[in-house]
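Take a look at the structure set out below.
Throughout, protein chains are lettered first and strands after them, A, B, ... in sequence-line order, and every chain is numbered starting at 1.
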Amino acid sequence: MEKHTFKRSERLKSKKIIGEIFSNGKVIGAHPIKLFWIEVKDSSAIDQPILQFAFTVSKKKFKKAVDRNRIKRLMRESVRLQKHELIQMDEINKSRFAFMFLYIGEELPEYQNVEQKIKKCIDQFKITI
RNA sequence: AAAACAGGCUGCUCUAUCGUCUUUAUAGCUUUAUGGCUAUGGGGAAGGAAAGUCCGGGCAGCACAUGGCAGCUCGCCUCCUAACGGGAGGAUCACGACAUUUAAUUGGCGGGAUAGAAAGUGUAACAGAAAAUUGUCCUGAGUGUAUCAGGAGUGAAAAAAGCUGAUGGUAACAUUAGUGAUCUACAAACCUCGGGUGCUGAAAGGUCAAAUAAGUUCCGGUGUAAGGUUAGCCAGACCGUUCGGAAUGGGUGGACUGAUACAACUUGCCAGUGAUGGUAAGUGCAGAUAAAUGAUAGGGAAUUACAGAACCCGGCUUAUAGGUCUGUUUUUAUU
RNA sequence: ACUCUGUUCGUCUAAUGGUUUGAGGACGUCUGCCUUUCUAGCAGAAAAAAAGGGUUCGAUUCCCUUACAGAGUA
């Protein structure tokens, strides 16, 4: 059976790449979630995993830290359960990708809703590649 | 027993599967080694407010941060505390709702205020004769003036605060006797007196590796003029100029440390009205770094409130579903 | 994580440093006049101290707490 793990090294940490995602990355929208992604061509970190993810929620829309944590946890959980679909694809394995999930909604979501929207994002990503 | 008010305590739980951070044991891979990665098993994983950042302290750097002024801040008394603007117990004053009384009053409760107005300056609308060196009208004392006593009216306020002694109390102060004729209020107006206070803030600071110019730092000699120093002013301190030697290296992105064992927590006993202190036994209880607690399914009364550690403590303030305890008042029932 | 400002009609703002404050002005809104009608013009009206507590005879102003908005430090 497939293991749905989500290790620390799979999280996107580099400030450089995050900056590049917002300036040059491509966008897939599935309201209330936006996905920024980019193909990473930096060959210096070849031992890194092929996929890296980050999650973010605006402090202006959600003032309470509890709400922001909740949304990030929900998005992280649904990505954890769905990212194996991406790993199985052949095109993905040829290079490395970085993803940034951004929640732009106004209200606290349910888990099922988040799961559907993330799925939509990933399907769109598969098509574009 | 119910309701209202006030205060204290608590702050959902269990099972299964998958997943995150940390610690530890074993095995494998890697490394000169410390260590790192992976797998499996065990232990631990947000709060009463983690919040607001309103105070106090530890810790660190800046001249091993020294004195005065300015500025800021606090201000009844005694005590608690590492410290505080916090807390406990008391004193005085007016206020609030409640009870009581025909009424004046009295009673406990509640939150608040209280250094100095006899050091000086300032302000006190309207009304009123007069708002602080003021004296209207009426009555009485007085021959009369001056003065004294009582009353009227205006207004928030219209003339007894102080001093000396005695008694009680550690004290604030209370009671009482005498003396006393230039005396109100406001200091959350300026101010005076007394106490405290240097500034900055873990994104502080320290160590390591990669890379390298201007430069920077250190040591020794020389030198004390301008000027400079995370510093508002004065003093004091240090730096400086030049020569020689040594070390380091801007930006960028990292790792380790700071960093989780202490004013710690739990229980018992003792002292105290109490805050709190002493003592004995036991416990080890988050430590992340783009930042860890979630998802699914099912139960237990049941869509659980407010809400997420970021260097650490002591308070204050604010938010809060449900449960629970104590006190006061009212109503009802029983004795 | 830390530091600091501000909040006055629908909008932008003023003065008051405690006593005729009935809170002023501009733009906007409404009503009337004018005009064949609209605009412009003239006349008039409505409309505000973030919330709560304290000091005071009296608070928009002084003090405290809370809420909201904004700025700065990497």
Partners passing side-chain contact (heavy atoms from CB on, under 4.5 Å) against [X] (at least two apart in sequence or in another chain):
{"X": "K119(A)", "value": "Q82(A), E85(A), D123(A)"}
{"X": "R73(A)", "value": "N69(A), R76(A)"}
{"X": "V27(A)", "value": "K34(A), F36(A)"}

- [ ] Between Y111(A) and M100(A), just flag the one whose closest nucleotide in RNA chain B comes earlier from the 5' side.
- [x] M100(A)

Open item on the list: Here's a test of your reading of the structure: between A54(A) and L74(A), which maps to the more 5' nucleotide of RNA chain B?
Closed with: A54(A)

Determine the interatomic distance between [atom1] on [N] and the same-named atom on [M]; round to the nearest Å.
{"N": "A132(B)", "M": "G150(B)", "atom1": "P", "answer": "24 Å"}
{"N": "U73(C)", "M": "A60(B)", "atom1": "P", "answer": "29 Å"}
{"N": "C265(B)", "M": "G272(B)", "atom1": "P", "answer": "25 Å"}
{"N": "C12(B)", "M": "A321(B)", "atom1": "P", "answer": "14 Å"}

Can you tell me the Watson-Crick or wobble partner of [N], both distances under 3.5 angstrom?
{"N": "C5(B)", "value": "G327(B)"}
{"N": "G75(B)", "value": "C193(B)"}
{"N": "G165(B)", "value": "U176(B)"}

Syn-anti status, with the boundary at 90° from 0, for the nucleotide [N]:
{"N": "C285(B)", "value": "syn"}
{"N": "A159(B)", "value": "syn"}
{"N": "G67(B)", "value": "anti"}
{"N": "A46(B)", "value": "syn"}

Open item on the list: Give me the stems containing RNA chain C, sorted by first residue, counting only three or more consecutive Watson-Crick or G-U pairs with both distances under 3.5 Å; say none if there aren't any.
Closed with: C:1-7 with C:67-73, C:10-13 with C:24-27, C:29-33 with C:41-45, C:50-54 with C:62-66

Using atom [atom1] of [X] as one end and atom [atom2] of [N] as the other, report the distance to the nearest whole Å.
{"X": "E110(A)", "N": "A295(B)", "atom1": "CD", "atom2": "C1'", "answer": "12 Å"}
{"X": "E115(A)", "N": "A295(B)", "atom1": "CD", "atom2": "P", "answer": "12 Å"}
{"X": "Q112(A)", "N": "U303(B)", "atom1": "CD", "atom2": "C1'", "answer": "14 Å"}
{"X": "F55(A)", "N": "G294(B)", "atom1": "CZ", "atom2": "P", "answer": "16 Å"}
{"X": "Q116(A)", "N": "U296(B)", "atom1": "CD", "atom2": "P", "answer": "13 Å"}
{"X": "M75(A)", "N": "A295(B)", "atom1": "CE", "atom2": "P", "answer": "14 Å"}

Open item on the list: Going by the rule salt bridge (charged side-chain N to carboxylate O under 4.0 Å, His left out), which residues pair with E77(A) if we only count those two or more places apart in sequence or in a different chain?
Closed with: R80(A)

Open item on the list: Tell me every residue that passes salt bridge (charged side-chain N to carboxylate O under 4.0 Å, His left out) with K120(A), counting only those two or more places apart in sequence or in another chain.
Closed with: none

Task: F55(A) to K72(A) - nearest heavy-atom pair and separation - done: O-CD, 3.7 Å

Open item on the list: Give me the atom names and distance for the closest heavy-atom approach of T56(A) to M75(A).
Closed with: O-CE, 4.0 Å

Can you check nucleotides 306-308 of chain B for protein contacts, nitrogen or oxygen pairs under 3.5 Å, and list what you find?
residue	atom	partner	partner atom	Å
A307(B)	OP2	K64(A)	NZ	2.9
G308(B)	OP2	A65(A)	N	3.3
G308(B)	OP2	V66(A)	N	3.4
G308(B)	N7	N69(A)	ND2	3.2
G308(B)	O6	R73(A)	NH1	2.9

Open item on the list: Looking at C18(B), I'd like to know if its phosphate oxygens (OP1 or OP2) sit under 4.0 Å from a side-chain N or O belonging to R76(A).
Closed with: no

